[in-house]
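All ligand and atom numbering here is 1-based and tracks the order in the structure. As the structure is a computational prediction, the values presented were derived from the model and not from experiment.
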Amino acid sequence: MGGSSTGREKKVVLAYSGGLDTSVLVHWLMEEMDYDVVTLTVGLGQPGDLEQVKKKALDTGAVHAEAVDACEVFAKEYIVPSLWSNSLYQGKYPLATALGRPLIAKLQVEAARRHGAVAIAHGCTGKGNDQVRLEVAAAALDPGLEIIAPMRDWKMSREDEIKYARQRNIPVTVSKESPYSIDENMWGRSCECGPLEDPWVEPPPDAYEWTRPPADAPEKPDYFEISFKKGVPVSVNGKKLGLVDLIELLNKSGGEHGVGRIDMVEDRLVGIKSREIYEAPAAVILIEAHMALERLTLTREVLSFKTVMEQKAAQLTYEGLWFSPLNAAITEFNREIQKRVTGEVRVKLYKGSAIVAGTRSVNSLYDLGLATYDSSDIFDHNAAEGFIKLWGLPLQVWSKAEKPIEKDG
Ligand code: ARG
């Protein structure tokens, strides 16, 4: 590939968003570290035009700029396994940012191979989870690559960066600075910093972007019938949809109904508690629906065992261990179990809530004859008596074996 005219010997692949930080990094890596910079911008469903970002990277001084729309892969290989695990970190966060990072790292590693780069670089700070996720994932895929993280001990303020950029003709679009740090992809929007740093303060309305305030949501509920095939959502209200479109539709409709707002104090991997706001309408709706269908189609044993795996899976994702043998094994466990998770779930969206209103499945384990209290009941009531005796037998034995407490002296 080209770029040799710069006279530099080494190449680095920089994860590039097109923002001020990573634009300054393009130059910084050239000037301070003598690298030719290849930028990689990964489209995971966040707003912004990939081609424009690519052009900006080239205008900024990159020797090559790649922009990949990775939505399909992200949905199929990252979101689906996470949905199978009903993954919610600390019971609440559907992991959008956390799921995107290993894919970005993988594409960076692949780009490094294509361009003969010896290093990869990112613009994460030293306080967050994202640096850990990107670096652990990259090292798992190619332990030989050098990793450069200049923002980890960055000395430049925003003003310094703007000055630095202007001096080097780096295009800067100075927009009104948002107090928030935001990361978005199709599985959700993460928002932190600014007024959110005080956990007592209610998030200001401008912290939210994807969802309406539930109080302003329509007075009339909307019902969505979601069909799943082997644990994968395949259609909404009878209309077959690819995963990317299906998720987009639920984000939009859910957002209109104020569904998917999450406000939590969470534990970062680096030991800090932080206050985060998430908006994830599709993730919340799909996890709720998927769980309901699992309750209808899976056995009691599988469900209880799966709960343990689900928590582990969420933790592995959050903590940057996506490319670990345990995560791969959990996905294969789920792939087997999901074979029966086929059917329809009716979800009612109303004023900020997504409530399952009905479930049905060709693989349903719900047996009306067994469940009913009316005269068509076929449950063997007499069998209950013997069952209770044997079920409680160990406790009877335990109780009888109790010896009177011996008093000392
Ligand atoms: N706390 C979330 C996580 O660790 C979101 C991080 C958001 N990243 C960002 N650069 N704003 O996954």
Side-chain angles (χ1 to χ4, degrees), residues 14-25 41-48 53 74 78-79 81-82 85 87-105 108 121-137 149-152 154 158 161 175 177-199 203-204 206-211 260-280 283-284 287 311 313-323 327:
L14 169 68
Y16 181 72
S17 70
L20 180 62
D21 284 346
T22 49
S23 296
V24 166
L25 276 186
T41 308
V42 182
L44 298 176
Q46 73 274 33
V53 179
F74 186 47
Y78 294 75
I79 291 175
S82 196
S85 281
S87 276
L88 295 171
Y89 179 65
Q90 296 191 320
K92 284 172 81 95
Y93 165 40
L95 293 159
T97 301
L99 274 174
R101 301 306 178 194
L103 175 53
I104 293 172
Q108 254 185 310
H122 62 73
C124 303
T125 68
K127 287 179 84 167
N129 297 309
D130 292 329
Q131 50 168 350
V132 183
R133 295 169 183 149
L134 286 172
E135 295 184 29
V136 170
M151 311 291 293
R152 197 138 44 206
W154 201 237
R158 189 179 149 86
E161 286 187 5
S175 48
E177 195 190 352
S178 154
Y180 305 111
S181 164
I182 292 157
D183 181 69
E184 289 172 278
N185 65 45
M186 60 194 284
W187 203 230
R189 175 178 183 269
S190 308
C191 179
E192 56 193 35
C193 301
L196 303 173
E197 285 183 353
D198 180 349
D206 70 351
Y208 295 105
E209 220 169 72
W210 287 20
T211 55
R261 291 186 167 196
I262 297 153
D263 175 0
M264 71 190 282
V265 170
E266 76 189 33
D267 285 282
R268 285 195 194 160
L269 182 53
V270 292
I272 303 169
K273 280 197 190 288
S274 70
R275 204 278 188 86
E276 314 266 341
I277 303 300
Y278 299 107
E279 291 172 280
V284 165
I287 291 173
Q311 282 176 17
Q315 195 187 351
L316 291 173
T317 304
Y318 188 86
E319 297 183 347
L321 302 174
W322 180 263
F323 294 119
N327 194 46

Q | Stacked cation flag Arg261 on Tyr208, 6.0 angstrom / 45 deg | A | yes
[atom] [closest protein heavy-atom partner, distance rounded to 0.1 Å]:
atom	value
atom 11 (N) of ligand 1	Ser181 OG, 2.9 Å
atom 2 (C) of ligand 1	Tyr278 OH, 3.1 Å
atom 12 (O) of ligand 1	Tyr93 OH, 2.6 Å

Q.
Is there a polar contact between ligand 1 and Glu276, counting only N or O atoms under 3.5 Å apart?
A. yes
**Q.** Under-4.0 Å heavy-atom contact with ligand 1, by part of Asp130 that carries it
**A.** side chain
Q: Determine whether the side chain, the backbone, both or neither of Glu266 has a heavy atom under 4.0 Å from any heavy atom of ligand 1.
A: side chain
(Q) Using salt bridge (charged side-chain N to carboxylate O under 4.0 Å, His left out), reason through Glu319 and Arg268 one step at a time and then give a plain yes or no. (A) CA-CA 8 Å; Glu319 297 183 347; Arg268 285 195 194 160; over 6 Å; no
Q) What closest approach, in Å, do Cys191 and Ile182 show between heavy atoms, and which atom pair accounts for it? A) SG-CG1, 4.2 Å
Q) Between Ile104 and Ala15, what is the shortest heavy-atom contact and its length? A) CG2-CB, 4.3 Å
Q) What do the steps show when you test Asp198 against Arg275 for salt bridge (charged side-chain N to carboxylate O under 4.0 Å, His left out), and what is the final call? A) CA-CA 8 Å; Asp198 180 349; Arg275 204 278 188 86; over 6 Å; no
Q) So, Arg133 side chain and Pro102 main chain: donor-acceptor pair closer than 3.5 Å or not? A) no
Q: May I ask you to decide if Ala96's main-chain N or O and Asn185's side chain share a donor-acceptor pair within less than 3.5 Å?
A: yes
Report, in ascending order of atom number, the atoms of ligand 1 lying under 4.0 Å from any heavy atom of [X].
X	answer
Arg133	3 (C), 4 (O), 12 (O)
Asn129	3 (C), 4 (O)
Ser190	5 (C), 7 (C)

